[in-house]
Number of protein chains: 2
Amino acid sequence: MVLIAILIININVLYLLKRLSKYIKKLNIKKKTTIKDIANVLNISPAAVSKALHDDSRISDKTKKAVKQVAKNLNYQPNHLASALRKGKSKLVGVIVPRTNSNFFSSVIQNIEEVLNKEGYNIIITQSNESYKKECNNIDTLLFTQVDGIIASMANETVNLEYFEKVKSKGIPLILFDRGENDLNVDYIGINDYDSSHVIIEHLVNQGCKRIAHIGGYKHTRIFNNRIRGYNDALKKHNLPLDAELLIESNLSIKDGREKMTQLLHLKNKPDAVYVASDYAALGALQVLNENNIKMPEDIALVGFGDEPFTAMVTPTLTSINQHSAEIGKQAAKTFLSHAKNKVVKQSLNKIILNAKLIIRDSSDKRP
Amino acid sequence: MVLIAILIININVLYLLKRLSKYIKKLNIKKKTTIKDIANVLNISPAAVSKALHDDSRISDKTKKAVKQVAKNLNYQPNHLASALRKGKSKLVGVIVPRTNSNFFSSVIQNIEEVLNKEGYNIIITQSNESYKKECNNIDTLLFTQVDGIIASMANETVNLEYFEKVKSKGIPLILFDRGENDLNVDYIGINDYDSSHVIIEHLVNQGCKRIAHIGGYKHTRIFNNRIRGYNDALKKHNLPLDAELLIESNLSIKDGREKMTQLLHLKNKPDAVYVASDYAALGALQVLNENNIKMPEDIALVGFGDEPFTAMVTPTLTSINQHSAEIGKQAAKTFLSHAKNKVVKQSLNKIILNAKLIIRDSSDKRP
DNA sequence: TACTACTGCTTAAACGTTTAAGCATATTGT
DNA sequence: ACAATATGCTTAAACGTTTAAGCAGTAGTA
């Protein structure tokens with residue numbers, strides 16, 4: 001009996017709470033103004049309001065003015081979800097980068113944003129942290145959010161392209177930049193890595209270097225493979241010997257840069273120049289050289305890749321390759337837009353390759 | 001007549017094009033599978049499918065299994081827009097930062113993302129580039145996208161808080177971190193800037209410094225004001241004289257750091273230590289000191305703020321304050337979640353102040 | 001005058017999902 | 001045996017917008 005009493009009380013309490021919550025809701029929730037509210041005020045149909053707001057030619061200027069005035073007064077904010085649902089376009093573009101904490105990627109992102117915002121698109125930025133698994137999650141997240149397209153730079157780890165195929169198979173435009181893949185039949189914007197290696201080697205040769213090492217990325221990543229090929233071919237071109245012990249693959253972190261540089265210093269026949277495929281790894285190398293009192297560029301000339309701001313901050317300042325991040329971002333955005341605009345017609349693929357620029361600094365500049 | 005003929009032809013062409021495009025659409029557009037498709041396959045109602053997918057207790061296990069199987073087979077991806085519209089929640093959270101290209105902000109973002117993803121939220125990152133105008137645009141953009149909340153760190157430029165008030169007035173949770181404002185009655189997560197100054201001054205005094213300068217931020221920004229107050233009070237506490245020419249306001253860019261340091265070097269009575277309110281400005285100062293062959297820490301001890309990775313990369317390595325970016329990000333996300341969960345009840349404000357940590361490096365460490 | 005065309009709106013359906021309400025049928029307690 | 005409850009679904013409306021189709025009324029044309 002007591003139990004039942006408690007039960008009944010409980011039920012009553014629950015009931016009261018439910019009513020209360022409904023009541024409170026009614027009190028608190030300042031319903032956002034909708035197109036319908038505007039329609040009611042002006043005694044016209046919601047459809048007319050929608051058209052007026054979009055400057056449809058079939059609506060009189062008088063009505064348009066009135067609608068816009070009322071919209072302003074009521075502090076109307078269009079519900080993007082509703083229009084996106086109706087139109088089948090979210091006006092969102094997903095961006096996936098290994099990390100935002102790099103000048104290159106953050107600059108690319110900024111430029112993508114700039115171009116796309118002008119066309120009414122917003123971007124959702126996600127980071128893969130160089131992890132394939134995180135990258136897959138990001139893709140799922142973006143698809144779930146109904147993005148109209150994805151612009152991505154792949155994680156170092158990524159080899160399996162299944163997930164990117166998934167994007168393509170959904171008919172969602174996919175644009176890769178910097179870290180792309182040959183096998184994937186998608187648009188791509190990047191710099192000419194092969195040529196960049198040539199420019200670097202040429203510069204080092206001009207400085208009188210004869211034994212040039214390369215701390216490169218993993219060969220399975222297209223861009224790093226291209227840099228390695230460029231390194232090899234450029235050495236040949238200048239009649240310099242290819243020495244296997246001078247070519248090292250690395251994950252290109254600061255730490256690994258330190259280790260690989262140390263490795264090079266333990267060679268019997270040390271290099272007189274080191275070309276590192278990333279500024280971060282180059283920084284590690286620079287630290288090791290400084291710690292060992294090896295003079296740059298006299299004893300060893302050092303060149304990085306990416307022109308991160310810190311290359312101008314370290315001692316000595318670090319020669320590096322500028323990757324035209326702004327241009328890459330803009331082109332990536334424009335490529336997406338060209339897809340978005342004519343959805344039906346199957347376009348030819350865009351492969352945009354920009355020429356990078358060598359920024360010569362103290363770490364490799366032997367001029368007096 | 002000819003004109004009319006052309007007109008008619010044109011109309012015909014237009015008509016044909018229209019039909020053609022419809023036809024092509026029918027051919028190409030692989031309609032995404034919806035809840036309805038699943039319902040049709042199993043001969044149950046869409047409502048049942050929705051419930052099955054959400055593990056509603058009123059649906060039999062058998063049906064649930066069947067639904068999930070069919071969903072998988074048809075490669076079903078829930079339409080987030082539709083559910084968001086219906087439920088009145090977008091499950092999106094907007095994040096506004098001055099820039100992503102800083103270790104502090106990118107780390108905060110990463111941690112916000114981590115916490116929110118677990119709860120089914122996605123984040124939209126926008127950058128203000130320290131511009132008030134861009135910040136307003138970002139807010140509009142985010143409101144338009146129907147975000148469920150906004151987590152922001154204000155631009156240096158921002159003084160007028162009208163736009164942030166707009167967010168609050170829409171009933172959308174607003175959480176500020178790092179760069180907050182006293183006047184704004186919102187949740188805030190940051191470090192104890194006042195105490196941080198104390199810790200720095202104490203450290204410098206312990207190193208034997210007696211004439212400590214401060215290159216600070218603009219006073220109207222709360223955090224920089226606090227650092228300045230801390231600096232003043234700490235000097236008093238250690239019976240060191242307050243010298244107006246040793247306290248300089250700056251926009252804290254690298255370039256301005258250079259200028260302000262140069263300014264300090266031109267004083268008749270030079271400081272023996274400089275505490276800079278940002279690592280970037282401290283870097284500028286460090287460059288100037290190096291260029292003038294002034295030894296750190298012997299001649300002048302230098303301390304930055306933020307513990308950016310490059311502080312460990314420069315020569316000499318730079319003493320700095322670690323701001324607990326990870327913790328700030330996590331707390332900001334959690335604060336938002338607590339708002340999101342009980343929407344109705346007006347919560348008390350969260351003001352979370354973390355204690356920062358001094359990382360002592362070569363630029364100020366006089367121990368042998 | 002009689003038609004066509006244009007103007008300026010309205011109606012109603014649609015986008016894909018969720019959810020309150022309802023309705024059989026089966027199960028349980030007394 | 002009969003009401004009460006539980007189970008497992010269906011129906012229908014709703015979220016806020018867009019848009020194709022349609023319909024008066026006016027203007028233009030032959």
Side-chain angles (χ1 to χ4, degrees), chain A residues 4 7-8 11 18-19 21-22 25 29 31-40 42-67 71 74 76-91 120 143-146 148, chain B residues 4 7-8 11 18-19 21-22 25 29 31-40 42-67 71 74 76-91 120 143-146 148:
Chain A
I4 292 171
L7 209 72
I8 290 172
I11 288 170
K18 207 171 168 185
R19 282 202 40 169
S21 106
K22 272 193 186 171
K25 266 184 192 167
I29 292 192
K31 282 264 255 171
K32 288 176 188 168
T33 65
T34 73
I35 236 173
K36 232 174 164 177
D37 300 324
I38 302 177
N40 284 338
L42 293 169
N43 242 341
I44 56 177
S45 71
V49 174
S50 171
K51 284 176 186 159
L53 289 172
H54 289 90
D55 277 325
D56 189 299
S57 64
R58 302 290 294 270
I59 299 291
S60 71
D61 284 356
K62 198 181 122 196
T63 307
K64 279 183 194 167
K65 256 192 186 163
V67 165
L74 296 185
Y76 169 72
Q77 192 107 34
N79 186 324
H80 184 241
L81 294 175
S83 85
L85 175 61
R86 176 58 228 255
K87 298 208 278 193
K89 325 217 159 215
S90 65
K91 285 280 183 176
L143 290 179
F144 177 64
T145 319
Q146 310 284 122
D148 289 346
Chain B
I4 293 173
L7 209 72
I8 290 173
I11 288 171
K18 208 170 167 186
R19 283 201 40 170
S21 107
K22 273 193 185 171
K25 268 184 192 166
I29 291 188
K31 283 263 254 171
K32 287 174 188 167
T33 64
T34 72
I35 235 173
K36 230 173 165 178
D37 299 325
I38 302 176
N40 284 338
L42 294 170
N43 242 342
I44 57 177
S45 72
V49 174
S50 171
K51 284 175 186 161
L53 290 172
H54 290 89
D55 276 325
D56 190 298
S57 64
R58 301 289 294 272
I59 300 290
S60 70
D61 284 357
K62 197 180 125 198
T63 307
K64 280 183 195 167
K65 255 192 188 164
V67 165
L74 296 186
Y76 169 73
Q77 192 107 32
N79 186 324
H80 184 241
L81 294 174
S83 86
L85 174 62
R86 174 59 228 252
K87 298 207 277 193
K89 326 218 156 212
S90 66
K91 285 282 184 174
L143 290 179
F144 177 64
T145 320
Q146 310 285 120
D148 289 346

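In the text below, chain A, chain B and the rest are named by the order of the sequence lines, each starting its count at 1. Only a predicted model underlies this, so the values are computations on that prediction, with no experimental measurement involved.
In this structure, B:L42 atom CG and D:dC9 atom P are separated by 11 Å, rounded to whole Å. Rounded to whole Å, the distance from CD1 on A:I44 to C1' on C:dT7 is 15 Å. We find that CD of B:Q77 is positioned 14 Å from P of C:dG16, with the value rounded to whole Å. For A:L81 and D:dG16, the CG to P distance is 10 Å, given to the nearest whole Å.
Contacts of residues 55-67 of chain B with DNA chain C (heavy atom under 4.0 Å): none. Within residues 45-53 of chain A, the residues having any heavy atom closer than 4.0 Å to DNA chain C are, in order of number, A:S45, A:A47, A:A48, A:K51.
Of the options B:K89, B:K87, B:Q146, a side-chain contact (heavy atoms from CB on, under 4.5 Å) to A:L81 is made by B:Q146 and by none of the others.
A:H80 contributes a side-chain N or O that, together with a main-chain N or O of A:S90, makes up a donor-acceptor pair within less than 3.5 Å. Side chain of A:K91 to backbone of B:T145: no donor-acceptor contact under 3.5 angstrom is found.
The shortest non-hydrogen separation linking A:I38 to A:Y76 is CD1-CG, 3.8 Å. The two atoms that bring B:K64 and B:D55 nearest to each other are CD-OD1, 3.4 Å, heavy atoms only. Nearest heavy atoms, B:S45 versus B:A39: C-CB, 3.8 Å.
Using a 4.5 Å heavy-atom cutoff, the side chains of A:I44 and A:V67 are in contact.
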Under 3.5 Å, N/O pairs linking protein and nucleotides 13-15 of chain C:
| residue | atom | partner | partner atom | Å |
| --- | --- | --- | --- | --- |
| C:dA14 | N3 | A:R86 | NH1 | 3.3 |
| C:dC15 | O2 | A:R86 | N | 3.3 |

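An OP1 or OP2 oxygen of C:dT18 is reached within less than 4.0 angstrom by a side-chain nitrogen or oxygen of B:H54.
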